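Beneath this line is the structure, given in C-alpha cells, with notes to follow.
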Amino acid sequence: HIELIFCLKGTMTYKVTKHGSVTIREGCGIVMPANTDHVLAGGTDAPCERIGLHISSSMSSNRRFSVFTPSDFATFHATLSKMAAHPFRLDMRLQSAIKELVRLVRLEKTSPTERGLVRALCCTILFYVADTLSKPLVSPQPQIMDEAVRFLESHYNEKFTSDALVLHMGYGRTQLFHLFKQHTGLSPNEYL
C-alpha cells in the first residue's frame, strides 16, 4: 500500500524509517513509502491538522465494480514511489479537491450520493497527485526563489539550519536545493 498525507494547517514532522525526519507544512503533501514505519512527532496532540488516504492494491482487484485495475494501481504505485518521503506543494486543483473531501468527511451523516462523491474525490486526488509527481521538475516563478534568497539574507546572522529554509519555503529539501541552485548557481549553503 501507499499512504498520501496532506497538511491542512500548521506544520508536522514525521519520523520515517530509512528517511529520517521529514517536515511538512500547510499546503503540502507527502507520499509515505510502502512498508515503511512513520510516526508523527507529537502524536495525535501534534499542533497540525492533516488528512490521509491509504491506497492498497487489494482494494483494486477484489471488487466487481472497482475503480482501478491492478494495472492502474501498479502505475500509480510506481509514480508515487519515486517521490516517497519528499514533501510536495499542493496546486490549486489538489487543494480544492482536498478541501471538499474534508468538508464531506466532517459531516455527521452523509447520504449515499455524498459517500459516492467521497470516493470520486479520493480517485481525483490520487490522479492529481500522480499527475503532479509524474511531471518533470520545473523551475518556479523567479520571485519564489527570490523569497528563498531574501530569507537567507534576513537570517544569515542568526543560528539556523537549512531545515528552517525548507520549512519556510514548503518544498522538499532535494527539490528546493535543486531549484535554488538553478536560480542562483549556488547551493543555499554556498550562497550563505
Side-chain angles (χ1 to χ4, degrees), residues 1-8 11-41 43-44 46 48-105 114-140 166-167 169-179:
H1 76 278
I2 286 185
E3 184 177 359
L4 302 175
I5 302 172
F6 306 104
C7 185
L8 306 173
T11 301
M12 55 188 183
T13 301
Y14 277 94
K15 293 180 179 145
V16 185
T17 304
K18 299 179 186 174
H19 295 276
S21 291
V22 180
T23 301
I24 307 135
R25 71 178 215 171
E26 185 174 323
C28 295
I30 189 166
V31 177
M32 285 299 174
N35 303 315
T36 302
D37 291 332
H38 55 280
V39 177
L40 179 63
T44 56
C48 65
E49 185 178 339
R50 68 192 190 282
I51 188 168
L53 299 177
H54 295 260
I55 299 109
S56 172
S57 61
S58 64
M59 296 167 73
S60 65
S61 61
N62 65 0
R63 294 195 178 153
R64 184 171 173 206
F65 298 106
S66 176
V67 175
F68 301 117
T69 67
S71 175
D72 293 334
F73 179 81
T75 300
F76 283 130
H77 189 274
T79 300
L80 298 177
S81 293
K82 290 177 189 172
M83 287 298 291
H86 296 286
F88 61 92
R89 278 192 176 276
L90 307 178
D91 62 18
M92 292 307 292
R93 62 188 183 160
L94 258 170
Q95 288 184 29
S96 178
I98 291 167
K99 283 179 185 175
E100 181 63 7
L101 177 64
V102 168
R103 184 189 73 75
L104 289 168
V105 168
E114 289 167 325
R115 287 190 296 275
L117 182 54
V118 166
R119 287 189 295 277
L121 284 167
C122 290
C123 292
T124 299
I125 290 166
L126 177 59
F127 170 77
Y128 285 162
V129 169
D131 183 56
T132 298
L133 297 181
S134 68
K135 293 179 179 170
L137 187 63
V138 296
S139 295
V166 169
L167 185 61
M169 295 303 297
Y171 285 88
R173 173 185 292 284
T174 304
Q175 183 182 24
L176 177 64
F177 280 38
H178 173 78
L179 294 172

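Heavy atoms only: backbone and side chains are in, while hydrogens, waters and symmetry mates are out. This structure is a prediction, so every number in the text was calculated from the model and none was measured.
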Measuring only between side-chain heavy atoms, which start at C-beta, is [X] closer than 4.5 Å to [Y]?
| X | Y | value |
| --- | --- | --- |
| Pro87 | Thr23 | no |
| Val129 | Phe6 | yes |
| Leu126 | Leu80 | yes |
| Arg93 | Thr124 | no |

How long is the span from the [atom1] atom in [X] to the [atom2] atom in [Y], to the nearest 0.5 Å?
| X | Y | atom1 | atom2 | value |
| --- | --- | --- | --- | --- |
| Ser71 | Phe76 | OG | CZ | 10.5 Å |
| Ser21 | His38 | OG | NE2 | 13.5 Å |
| Cys7 | Arg50 | SG | CZ | 9.5 Å |
| Leu104 | Leu117 | CG | CG | 5.0 Å |
| Ile98 | Leu53 | CD1 | CG | 7.5 Å |
| Leu4 | His54 | CG | NE2 | 9.5 Å |

Which atom of [X] lies closest to which atom of [Y], heavy atoms considered:
| X | Y | value |
| --- | --- | --- |
| Ala97 | Ile125 | CB-CG1, 3.7 Å |
| Gly29 | Ile24 | N-CG2, 4.2 Å |
| Leu133 | Thr79 | C-CG2, 4.4 Å |
| Val166 | Phe177 | CG2-CE1, 4.3 Å |

message = I'd like to know if the side chain of Thr17 reaches the main chain of Asp37, judged simply by a donor and an acceptor atom lying under 3.5 Å from each other, with no hydrogens or angles considered.
response =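 At least one qualifying donor-acceptor pair exists.
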inquiry  = Test your reading of the model: is there a side-chain donor-acceptor pair from Ser96 to the backbone of Met92, 3.5 Å cut-off?
reply    =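 Checked: no pair found.
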task = Using side-chain contact (heavy atoms from CB on, under 4.5 Å) as the criterion, list what pairs up with Met169, not counting sequence neighbours.
result =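 By the side-chain contact (heavy atoms from CB on, under 4.5 Å) rule, Met169 matches Ile144, Met145, Glu147, Ala148, Leu165, Tyr171, Leu176.
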ask   = Any salt bridge (charged side-chain N to carboxylate O under 4.0 Å, His left out) pairs touching residues 15-35, not counting sequence neighbours?
value =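 Listed once each, the pairs would be none.
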task = Given side-chain contact (heavy atoms from CB on, under 4.5 Å), test Tyr128 with Leu90 step by step and report yes or no.
result = CA-CA 9 Å; Tyr128 285 162; Leu90 307 178; over 6 Å; no
request  = Could you give me the CA-CA distance, side-chain angles and deciding distance for Leu40 and Ile5, then say whether side-chain contact (heavy atoms from CB on, under 4.5 Å) is met?
outcome  = CA-CA 11 Å; Leu40 179 63; Ile5 302 172; over 6 Å; no
